[in-house]
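A, B, ... follow the sequence lines: proteins, then strands. Residue 1 opens every chain. Predicted model, so just to flag it, every value in this text is computed and none were measured.
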Amino acid sequence: MENKEVARVLFETAQLLEIDGAMIGRYRSYEKVAELLGSLTERIEDLAKDEKKLKELPGVGDSMAEHIREILATGDYALRQKLLKKYPPTILELLHIQSLGPKRVALLWKMFEVATVDGLEKLAREGKLRDLPGFGEKSEQNILKGAEQFKNLSGSGRFRINTADEEAKQLAAYIQHAGEAVESVTAAGSLRRGKETIGDLDLLVTMRPGRDKQKDVDAVADYILKYPDVKRQLAHGENKVSLLLESGLQVDVRLLEKKCFGAALLYFTGSKSHNVALRGRANDVGWTLNEYALTTIKGGKTIASKTEEEIYSKLKLAYIEPELRESAGEIEAAERGTLPKLIELGDIRGDLHMHTTASDGHNSIEEMAEAAKQRGYPYIALTDHSKAVTVANGLDEKRTLEQIKKIRAAEQRVPGIRLLAGSEVDIRKDGTLDLDNEVLAQLDVVVASVHSHMNLEAKEMTDRILKAIENPYLQILAHPTGRLVLRREPFEYDIEKILDAAAKHGVAVECNSYPDRLDFKDVHLRMAKQRGVKIAISTDSHSTRNLDYIKYGVLTARRGWVEKKDVINTLPVDQFLAALRPKPQAQTAKAATRKSA
DNA sequence: GCCGTTTTCGGCCCGACTGTTTTCAGTCG
């Protein structure tokens, strides 16, 4: 069982307990463990084999360890099943409706035995909810609005990082023009942490001290509400404005004083569990941390508030980069001074995965080369699709050989950048590569990936990729999990076996930067790093503009604790080529073809 | 259900906002 599945069972149990009116701490304990599982690099199934290791996890005691083992053994949990006899499973859907939480859902169930979104909508339309304690006409309308939104969103209500990134930049630029009173606009939240999907946007606006503070804040808030892209205003408080943009993205803008910027940035960057851990740490020494400051509990004396660095320092922690703030061991590492020195965008020297008009790209070899040169890269690899990917006009052996010649010729026309001839060769259903080894032998860089038969059983998919890795010409395994953000789940396979094989054969794995992919995630990268598997960060560009997506790959790598030394395309070109899996000697290519065929 | 220089009971992160109320409960992040 995967960590995610165990977490879901625990989380649903927590939600049901809360609806059932359990004590706050009881359901929190389930929630906490579910959150922990989301950021664990080890498989819970492995940890559970060792009683001691399992109970070393924070928040896991005798009972919780027992529950986890039960879930692993049976796929479910008796308490959850018991609660689902009391309440229908659909009741959990109601919790996803804005303005409804466990208390109100419990009340609705008690009064009307309603547990479906449709049933709830009917009651709201008939005006039957307004007389419930704590409800009114406005509550009914909000529930109807929320129910409609819930049904429309069907998906997760999350957005790809590039969408959120672009929306944030535009809105931030707009707010900057609000007037004198605005000093700075900063994006926080999961966007700052570099998550591949963003639920909503958090923007922090610092205000210059003026004569009438509240008047300035009100003026800026009014200005923000006039942003042309606003679909609806969701909230408007003293120092917060919430909007729904036309795209469906929700934005929370906080207007604050400069003196509490650090505390606010820390708070609104999250993650939630990181914040909780920091607050616990503050409590331990008699302090309390909120979005305004770190203060003493007794007397409310401010300890730190202006910068994040200051707050971490007072908590006796090294500064933790936003990408690491997932409560995945970063606090312990900060305490010990063993945090990684994360890779930076400027460390990347070459992009190793891109397409040209030869297959399904929009630009020529020369155009890609020029664009890469402008971005300061000393080298790139041009890797068009191979013939099996017919929809992308993949290249067969003959066309690949011609493409190699064209790349060599283009190198003369675009001086100042080394153009490596590559291919994104398809891994066929049976694990063989889609180009003859004689042709692969003539390429500088062989990138390989799966583009078809993505629903194989785990065993078959694992064997398929293991077989591909055993081909001595495969050097980089591209988009290794096949996940498409918000559209397709990753392949089912044994990723540990794949990574062990990659380590053994010197195959690098790709951290694919294309925002629709970003499929090799933080946890995968950490697993790769632990095994000493080399990492390549590439864009999978299909046009010159896509080359900028490299920043999302670097963010993702940073989330995976990746350092410059872990990434092969941070090396100068000669060292990079030497770091690739060495190719068999040319004369053995034919024999290798026969063997792998 | 977990945890502990506030340690075996009693708390569990904390504050803003909303909509309902006349001081607060519930939701949200």
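Side chain of Asp202(A), nearest nucleotide from dT20(B), dG29(B), dG15(B): dG29(B). For Lys240(A), taking side-chain heavy atoms from C-beta onward, the closest of the listed nucleotides dC17(B), dG29(B), dC14(B) is dC17(B). Among dC17(B), dA16(B), dG29(B), the nucleotide with an atom closest to any side-chain atom of Gln250(A) is dG29(B).
Here ring-ring contact (aromatic ring centres under 6.0 Å, His included) pairs that include residues 194-215 of chain A, with residues two or more places apart or in two chains, number zero. Counting only residues at least two apart or on different chains, the ring-ring contact (aromatic ring centres under 6.0 Å, His included) pairs with a member in residues 192-230 of chain A are Tyr174(A)-Tyr223(A), Tyr174(A)-Tyr227(A). Pairs engaging residues 113-135 of chain A under the ring-ring contact (aromatic ring centres under 6.0 Å, His included) rule: none recorded [sequence neighbours left out]. Listed by first and then second residue, the ring-ring contact (aromatic ring centres under 6.0 Å, His included) pairs that reach into residues 40-59 of chain A come to none, sequence neighbours excluded.
With P as the reference atom, dG1(B) and dT5(B) are 23 Å apart, rounded to whole Å. When the P atom is compared between dC14(B) and dC9(B), the two are found 24 Å apart, to the nearest whole Å. One P atom belongs to dA16(B), the other to dG10(B), and the distance between them is 30 Å to the nearest Å. Separation of the P atoms belonging to dC17(B) and dT22(B) is 22 Å when rounded to the nearest angstrom. Using C1' as the reference atom, dT18(B) and dT23(B) are 15 Å apart when rounded to the nearest Å. Using C1' as the reference atom, dT20(B) and dA25(B) are 9 Å apart when rounded to the nearest Å.
Among the protein residues, Glu137(A) comes within range of the sugar-phosphate backbone only, with heavy atoms under 4.0 Å from sugar or phosphate atoms but none that close to a base. Across all strands, Phe135(A) comes closer than 4.0 Å only to sugar-phosphate atoms, never to a base (heavy-atom distances). Looking at heavy-atom distances under 4.0 Å, Asn142(A) makes contact with sugar-phosphate atoms alone, never a base. Counting any heavy atom pair closer than 4.0 Å across all strands shown, Tyr27(A) reaches no nucleic acid atom.
Under 4.0 angstrom from either OP1 or OP2 of dT20(B) there lies at least one side-chain N or O belonging to Ser139(A). When the side-chain nitrogen and oxygen atoms of Lys138(A) are compared with OP1 and OP2 of dG19(B), one or more of them lie within a distance under 4.0 Å. OP1 and OP2 of dC14(B) both lie 4.0 Å or more from every side-chain N or O belonging to Asn290(A). Distances shown here put every side-chain N or O of Tyr292(A) at or beyond 4.0 Å from the OP1 or OP2 atom of dC14(B).
No side-chain N or O of His274(A) forms a donor-acceptor pair with one of Glu326(A) less than 3.5 Å apart. In summary, the side chains of Ser184(A) and Thr206(A) do present a donor paired with an acceptor at a separation below 3.5 Å, with no hydrogens or angles considered. Using modelled atom types, one finds a donor on one side chain and an acceptor on the other under 3.5 Å when comparing Asp519(A) with Thr481(A). Residues Thr269(A) and Arg192(A) have side chains that bring a donor and an acceptor to within less than 3.5 angstrom of each other.
Nucleotide dT8(B) has no partner under the Watson-Crick or G-U criteria, as no pair reaches both atom distances under 3.5 Å.
DNA chain B lies under 4.0 Å from at least one heavy atom of each of the following residues of residues 92-111 of chain A: Ile97(A), Gln98(A), Ser99(A), Leu100(A), Gly101(A), Pro102(A), Lys103(A), Arg104(A).
Remark on DNA chain B: of its neighbouring residues Leu132(A) and His236(A), the 5'-side contact belongs to His236(A), judged by nearest-heavy-atom nucleotide.
Closest of all the heavy-atom pairs between Arg517(A) and Arg483(A) is O-NE, 3.3 Å.
Here the two rings, on Phe520(A) and His479(A), have centers that are 6.0 Å apart or farther.
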Sugar-phosphate or base contact per nucleotide [nucleotides 1-12 of chain B; S, B, -; heavy atom under 4.0 Å]: BSS--------B
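Look at NZ on Lys145(A): it is 18 Å from P on dT27(B), rounded to the nearest Å.
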